[in-house]
4 protein chains.
Amino acid sequence: MTTAGTKRGSILSGALALFAERGFDATTVPMIAASAGVGAGTIYRYFENKEVLGNSLFQEYVGIFTETLRDEFPFDETVRNQFHHIFQSMIRFTIKEVHALYFIKTHSSAHFLDDVSHKCFQDLLDILRTFFDSGKEKKEIKELPSSALIAIVYGAFLELQRLVQIGELQPETKLVEDVEESIWDAVRLHA
Amino acid sequence: MTTAGTKRGSILSGALALFAERGFDATTVPMIAASAGVGAGTIYRYFENKEVLGNSLFQEYVGIFTETLRDEFPFDETVRNQFHHIFQSMIRFTIKEVHALYFIKTHSSAHFLDDVSHKCFQDLLDILRTFFDSGKEKKEIKELPSSALIAIVYGAFLELQRLVQIGELQPETKLVEDVEESIWDAVRLHA
Amino acid sequence: MTTAGTKRGSILSGALALFAERGFDATTVPMIAASAGVGAGTIYRYFENKEVLGNSLFQEYVGIFTETLRDEFPFDETVRNQFHHIFQSMIRFTIKEVHALYFIKTHSSAHFLDDVSHKCFQDLLDILRTFFDSGKEKKEIKELPSSALIAIVYGAFLELQRLVQIGELQPETKLVEDVEESIWDAVRLHA
Amino acid sequence: MTTAGTKRGSILSGALALFAERGFDATTVPMIAASAGVGAGTIYRYFENKEVLGNSLFQEYVGIFTETLRDEFPFDETVRNQFHHIFQSMIRFTIKEVHALYFIKTHSSAHFLDDVSHKCFQDLLDILRTFFDSGKEKKEIKELPSSALIAIVYGAFLELQRLVQIGELQPETKLVEDVEESIWDAVRLHA
DNA sequence: AATGAATGAGAATTCATTCAT
DNA sequence: CATGAATGAATTCTCATTCAT
């Protein structure tokens with residue numbers, strides 16, 4: 001019966017889509033208001049200013065992505081299966097929130113991000129770091145710095161995701177599986 | 001026949017560094033002027049407006065990158081060696097112009113880009129596309145859409161480059177070789 | 001036959017304190033609402049808008065001040081005793097409503113005042129004018145324009161009142177008597 | 001040959017007149033710009049923001065007023081002559097800068113004033129304080145707290161000044177002399 | 001009647017661009 | 001040619017006022 005957060009929610013959604021498409025700086029507050037179907041002033045009832053809105057949005061979705069990765073993580077399974085979980089989580093997150101990953105990607109070193117946002121993002125990367133560290137110990141992952149491994153997986157995935165977004169790639173099952181295998185090949189230790 | 005005017009050059013350099021660091025929209029014309037050591041008005045002698053400057057910059061560096069890739073391309077060698085050339089070109093370009101690749105990456109779908117810029121960027125991607133198409137024919141590259149293969153290589157490389165940029169990764173010979181091998185593993189067709 | 005509604009009263013009190021401290025323009029309607037312990041919308045049940053509230057407040061307190069001066073005015077006593085009554089009335093009014101006199105002072109030529117407010121304020125000054133006119137006739141008050149005499153008494157008193165307000169002066173009996181004598185010296189005709 | 005400060009000067013003049021007439025809060029930046037004959041943006045070349053402009057203005061004119069009082073102060077003459085100097089300085093300052101004194105009066109406890117402004121204003125009052133302290137020592141001034149004496153002189157003078165401003169009083173020689181005598185009567189120790 | 005969330009007109013401020021020097 | 005002070009359109013943000021609950 002409560003609709004608490006209905007407005008806040010539409011503002012965040014509207015901002016997400018616009019920030020992903022045009023970027024934070026090229027998006028005006030009235031644009032966000034129109035996209036959320038609220039008055040411009042209303043945005044300031046929920047967010048102190050545009051930067052706070054940007055940080056809230058970033059933290060919100062980095063948080064959801066982090067949870068998605070952590071959720072049901074198969075700690076006891078093979079490294080390959082763990083990688084599959086990570087890849088599938090990325091896919092799932094992308095399907096649930098089309099713009100979120102692209103927004104995170106394009107704004108993860110944006111000038112307006114505060115310390116909390118940076119911390120959130122580090123937490124996200126730490127999940128991948130932990131996975132790679134354990135994989136390297138088990139001799140199943142290449143002996144590269146984890147930050148490099150993350151960059152490869154994260155960079156490749158996000159660039160692919162952009163292609164899906166702009167319609168240049170259809171995310172059919174076969175393609176998704178092949179891409180997963182391709183990125184896995186990049187990081188796995190070959191015999 | 002190039003580097004026309006030392007001023008034009010400093011403006012482009014200044015703008016490149018600033019656009020890479022802060023993004024096009026968060027960079028003001030006076031900032032560029034200060035960084036180039038010229039008056040704000042001088043910028044308008046060389047570029048009609050900020051957007052034109054952005055496009056010139058984009059085209060300039062995408063052009064250089066394209067040339068770098070084309071230069072001495074080993075058409076008659078193995079696919080692996082061709083990949084090595086591409087990878088080395090990326091490295092060389094990055095070393096020559098630290099900010100250029102990151103600027104290209106973060107602005108390749110920017111709102112201010114005109115048709116010429118998009119065309120330039122397509123030309124760049126086409127080099128990679130041609131390489132992958134021929135590699136797939138020779139059964140040395142995975143049977144994935146070329147756009148996906150490009151995304152993987154380009155995405156991974158740029159994310160790595162960012163780490164080097166921010167100092168989180170030292171580009172020593174061993175690391176660079178390992179990374180090349182890793183990305184090659186992602187795209188090569190395994191036995 | 002007044003104090004209609006406890007809410008109207010709290011709104012007026014809240015507004016009085018805030019207008020005196022911050023001024024009309026720097027006081028927001030939500031501030032007044034909070035200070036009065038009512039919702040912002042409630043203010044509009046009692047006052048058409050902020051300007052009307054400002055005028056009501058001004059008229060209310062100028063009216064009370066006027067009454068205080070008129071009340072038991074010793075028409076048949078000496079000019080000095082009449083002056084004492086005026087001075088005592090100012091003191092009494094100030095004690096009853098600490099902020100009122102300062103509010104009147106700082107807003108008596110405010111941009112939002114309407115004709116009725118200006119008229120009220122003139123009525124107040126007329127009491128002093130009448131007193132001075134009669135005092136000059138009796139050769140007990142200096143031969144200065146009444147408006148000048150009013151300015152001296154009113155100006156000096158209000159500036160003193162401000163000192164009491166901000167705690168820089170303690171309104172002890174001796175001081176009050178001395179100040180009265182000082183201001184009386186300013187206007188009385190010396191032998 | 002330098003016109004350095006021409007714009008800055010017109011902005012300050014324009015702002016002074018408007019702040020005196022309408023008050024700081026009821027004056028908009030475009031109003032100031034129009035009154036100074038410059039573009040709105042120009043104001044921000046000279047003053048960081050509206051508050052800084054307000055403080056600069058306050059400090060500027062309080063400073064001039066302070067200098068006017070200090071200039072040729074007759075330290076070795078009678079207390080009465082010193083009072084005459086003070087009164088004449090106030091008159092001179094008022095004639096030179098019609099709006100300045102009223103602006104100072106109405107904004108000396110304004111919400112936007114910073115510490116420097118408060119300090120400036122204290123310096124101004126300290127001149128009067130020093131005069132009264134020395135006068136009391138010489139038994140020529142009433143034994144009232146100096147702050148109270150200042151309030152009487154300052155309050156009376158400013159209220160009179162307002163009457164001149166709005167045209168209700170003509171500042172003829174005779175009137176000015178009489179008013180000086182009246183205010184002197186308020187503070188001098190009577191035999 | 002009372003509320004306070006929502007609104008949008010209007011204020012402060014920024015910055016791409018022009019132009020007199 | 002080069003400059004940077006000046007501009008005003010565009011942007012962020014505030015707050016008096018309304019109105020559904």
Side-chain angles (χ1 to χ4, degrees), chain A residues 3-4 6-8 10-11 25-34 36-53, chain B residues 5 7-8 11 24-34 36-54 112, chain C residues 5 7-8 11 24-34 36-54 112, chain D residues 3-4 6-8 10-11 25-34 36-53:
Chain A
T3 40
T6 263
K7 292 261 151 116
R8 196 189 136 95
S10 7
I11 293 167
D25 290 303
T27 301
T28 70
V29 173
M31 276 177 200
I32 300 168
V38 304
T42 303
I43 288 171
Y44 292 86
R45 286 197 68 71
Y46 293 95
F47 304 96
E48 207 181 319
N49 56 47
K50 196 186 162 187
E51 300 216 338
V52 167
L53 166 58
Chain B
K7 298 245 156 145
R8 195 188 136 92
I11 293 166
F24 180 84
D25 290 302
T27 301
T28 70
V29 173
M31 275 178 200
I32 299 168
V38 303
T42 305
I43 288 172
Y44 290 84
R45 291 218 150 266
Y46 295 95
F47 304 95
E48 205 183 321
N49 56 45
K50 194 186 167 190
E51 300 217 338
V52 167
L53 167 58
F112 65 84
Chain C
K7 298 244 156 142
R8 187 178 198 275
I11 293 167
F24 179 83
D25 289 302
T27 301
T28 70
V29 172
M31 275 178 200
I32 300 168
V38 303
T42 305
I43 288 173
Y44 290 84
R45 290 220 151 265
Y46 295 95
F47 304 95
E48 206 182 321
N49 57 45
K50 194 185 167 189
E51 300 217 337
V52 167
L53 167 57
F112 65 83
Chain D
T3 39
T6 261
K7 292 261 152 115
R8 196 189 136 94
S10 6
I11 293 166
D25 291 302
T27 302
T28 70
V29 173
M31 276 178 198
I32 299 168
V38 303
T42 303
I43 287 172
Y44 292 85
R45 285 198 67 72
Y46 294 96
F47 305 95
E48 206 182 319
N49 55 47
K50 194 185 163 189
E51 300 217 338
V52 168
L53 167 57

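On a predicted model such as this, the values are computed, not experimentally measured, just so you know. Every chain is numbered from 1, with letters handed out A, B, ... down the list of sequences.
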First encountered from the 5' end of DNA chain E, between D25(B) and R45(B)
D25(B)

In whole angstroms, the gap separating P of dA11(E) from CG of N49(D) amounts to 17 Å

Is T42(A) close enough to dT7(E) that one of its side-chain N or O atoms is under 4.0 Å from OP1 or OP2 there?
yes

What is the minimum heavy-atom distance between S10(D) and A36(D), and which atoms define it?
O-CB, 3.3 Å

Quick check on DNA chain F: between M31(A) and G39(D), whose nearest nucleotide comes earlier from the 5' end?
G39(D)

Note: for K50(C) and I43(D) on DNA chain F, the residue whose nearest nucleotide lies more 5' is I43(D)

Can you tell me how far NZ of K50(B) sits from OG1 of T27(B), rounded to the nearest 0.5 angstrom?
6.0 Å

Going 5' to 3' on DNA chain F, which nucleotide is the first and which the last to come under 4.0 Å of a heavy atom in chain A?
dT11(F) to dT14(F)

Using a cut-off of 4.0 Å on non-hydrogen atoms, how would the nucleic acid contact of V29(C) be classed: base, sugar-phosphate, or nothing?
base

Residues that T42(C) engages under side-chain contact (heavy atoms from CB on, under 4.5 Å), provided they are two or more places apart
K7(C), V38(C), Y46(C)

At what distance, to the nearest 0.5 angstrom, does CZ of R8(D) lie from CD1 of I43(D)?
12.5 Å

So does Y46(C) get a side-chain nitrogen or oxygen closer than 4.0 Å to the phosphate oxygens (OP1/OP2) of dA2(E)?
yes

A26(A): side-chain contact (heavy atoms from CB on, under 4.5 Å) partners, not counting sequence neighbours:
R22(A), D25(B), H111(B)

Residues forming a side-chain contact (heavy atoms from CB on, under 4.5 Å) with F112(B), sequence neighbours excluded:
F24(B), E51(B), N55(B), H107(B), A110(B)

Rounded to whole Å, please give me the gap between CD in E51(D) and C1' in dA11(E).
14 Å

Could you provide the dot-bracket string of DNA chain E, using ( ) for intrastrand pairs, [ ] for crossing pairs and | for bases paired to another strand, with Watson-Crick or G-U pairs below 3.5 Å?
.||||||||||||||||||||

Given that G37(A) and G41(B) both sit by DNA chain E, which one's nearest nucleotide is further toward the 5' end?
G37(A)

Minimal non-hydrogen separation, I11(B) against I32(B), with atom names:
O-CG2, 4.0 Å

Does the pair V29(C) and N49(C) meet the rule for a side-chain contact (heavy atoms from CB on, under 4.5 Å), with working shown?
CA-CA 9 Å; V29(C) 172; N49(C) 57 45; over 6 Å; no

V38(A) side chain, from C-beta outward: closest of dT13(E), dT3(E), dT7(E):
dT7(E)

